[in-house]
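Notes follow once the structure below has been shown.
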Amino acid sequence: MCAYKVGYFIGSLSSTSVNRILSRALINLAPPDLDFTEIPIGNLPLYSQDFDNDYPPEARALKEAIDGSDAVLFVTPEYNRSIPGALKNAIDWASRPWGRNSFDHVPAAVIGASPGQIGTAVAQQSLRAVLSFCNARQMTAPEAYIQFAPGVFTEAGEVTDDSTAAFLRDFMQEFRVHIERVLTVLPRS
Ligand code: FNR
């Protein structure tokens, strides 16, 4: 039984993305009544206000996917101490046209992986600032800065290290609690 539909964004367009692998692990470890659908960002043109009166089909689909989700999850790498341009572009599309911001009051969580030790911490702060302005209802704790160590994750998203698996399972359980709390006060129409 599905309690909540979660649309998830992968901030990377790489065919070998470690964040895509992390997303598989998160889905594997999440409470079973969360239903996940990826919201693609790689097919979007670059946003311009010129499109505001007539969004292209890819951008309409993006907004419809968010509108049809109970919550959104961002799984993103860090690029140059911020978020990848492709992800920012998708957020810009979804936040517009003015007055039709798709993220308004939407429960959201942020997580990311990098080979380096800071595990996307700086990118996540940057993303949090953007989502704040978009009025998404972010889970602020727990935070999750994942160092993608070889051998800990399989391609299929299995987690071989028990403490990492427990941490990610807890993160997703807390996200479910967060979704329920937010939607109790701010139900999706
Ligand atoms: C990176 N990488 C990186 N890592 C980091 O910890 N902080 C950073 O600021 C950056 N900056 C950065 C910029 C660009 C353009 C690239 C391509 C890479 C390295 C990055 O963490 C690594 O490539 C990850 O594997 C990217 O995640 P995905 O695409 O594998 O999910």
Side-chain angles (χ1 to χ4, degrees), residues 6-30 34-48 58-59 61-62 65-66 69 71-95 103 106-134 136 138-172 174-175:
V6 178
Y8 67 97
F9 295 87
I10 310 280
S12 172
L13 305 185
S14 165
S15 60
T16 59
S17 168
V18 299
N19 283 279
R20 181 167 294 285
I21 293 171
L22 174 60
S23 75
R24 291 181 193 131
L26 293 168
I27 292 167
N28 288 342
L29 294 166
L34 296 185
D35 187 36
F36 292 87
T37 305
E38 182 175 354
I39 301 178
I41 63 171
N43 57 352
L44 292 164
L46 290 177
Y47 172 77
S48 159
E58 298 86 353
L62 173 83
I66 299 168
S69 302
V72 290
L73 172 67
F74 293 84
V75 189
T76 187
E78 179 170 295
Y79 275 9
N80 300 314
R81 295 286 183 262
S82 185
I83 59 174
L87 180 58
K88 180 60 163 55
N89 182 53
I91 294 171
D92 290 344
W93 276 112
S95 69
F103 293 115
V106 177
V110 170
I111 190 170
S114 71
Q117 285 191 344
I118 65 164
T120 73
V122 185
Q124 289 188 41
Q125 294 312 308
S126 179
L127 178 55
R128 285 185 181 284
V130 174
L131 293 176
S132 230
F133 183 74
C134 292
Q138 298 178 61
M139 180 170 77
T140 49
E143 299 171 304
Y145 309 123
I146 309 301
Q147 183 177 21
F148 197 90
V152 172
F153 296 86
T154 69
E155 262 310 298
E158 286 152 29
V159 183
T160 58
D161 173 63
D162 287 348
S163 67
T164 302
F167 177 82
L168 295 176
R169 187 179 293 110
D170 178 66
F171 180 87
M172 295 307 281
E174 288 296 324
F175 185 34

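Atoms within a ligand are numbered from 1 in the order they appear, just like the ligands themselves. If you read the sequence from its start, that first residue is 1, and numbering goes on from there. What you are looking at is a predicted structure, and each value in this text was computed from that prediction instead of being measured. FYI, side chains are in, hydrogens and waters are out, and symmetry mates aren't considered; it's all heavy atoms of this structure.
Listed by number with element, the atoms of ligand 1 under 4.0 angstrom from any heavy atom of N19 are 27 (O), 28 (P), 31 (O).
For atom 6 (O) of ligand 1, the closest non-hydrogen atom on the protein side is S114 OG, 3.6 Å. In terms of protein heavy-atom proximity, atom 17 (C) of ligand 1 is nearest to Y79 CE1, 3.8 Å. The single protein non-hydrogen atom nearest to atom 9 (O) of ligand 1 is R81 N, 2.8 Å, given as residue, atom name and distance. Protein heavy atom at the shortest distance from atom 2 (N) of ligand 1 is E78 O, 3.6 Å. The nearest heavy-atom contact from the protein to atom 30 (O) of ligand 1 is V18 N, 2.9 Å. Looking only at heavy atoms of the protein, atom 26 (C) of ligand 1 is closest to P77 CB, 3.7 Å. If you check which protein heavy atom lies closest to atom 11 (N) of ligand 1, you get N80 N, 2.9 Å.
Annotation: S14 places no N or O atom under 3.5 Å from an N or O atom of ligand 1; distance criterion only.
Here the shortest heavy-atom distance to atom 22 (C) of ligand 1, taken over P115, A121, S12, G112, belongs to P115.
Of the heavy atoms in S17, both backbone and side-chain atoms come closer than 4.0 Å to ligand 1.
Nearest heavy-atom pair, E158 versus N28, reported as atom, atom and distance to 0.1 Å: N-ND2, 4.1 Å.
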Criterion side chain to side chain contact (heavy atoms under 4.5 Å, CB included) on L26 and F175, from CA distance to verdict: CA-CA 11 Å; L26 293 168; F175 185 34; over 6 Å; no
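Not a single heavy atom of G116 sits under 4.0 Å from any atom of ligand 1.
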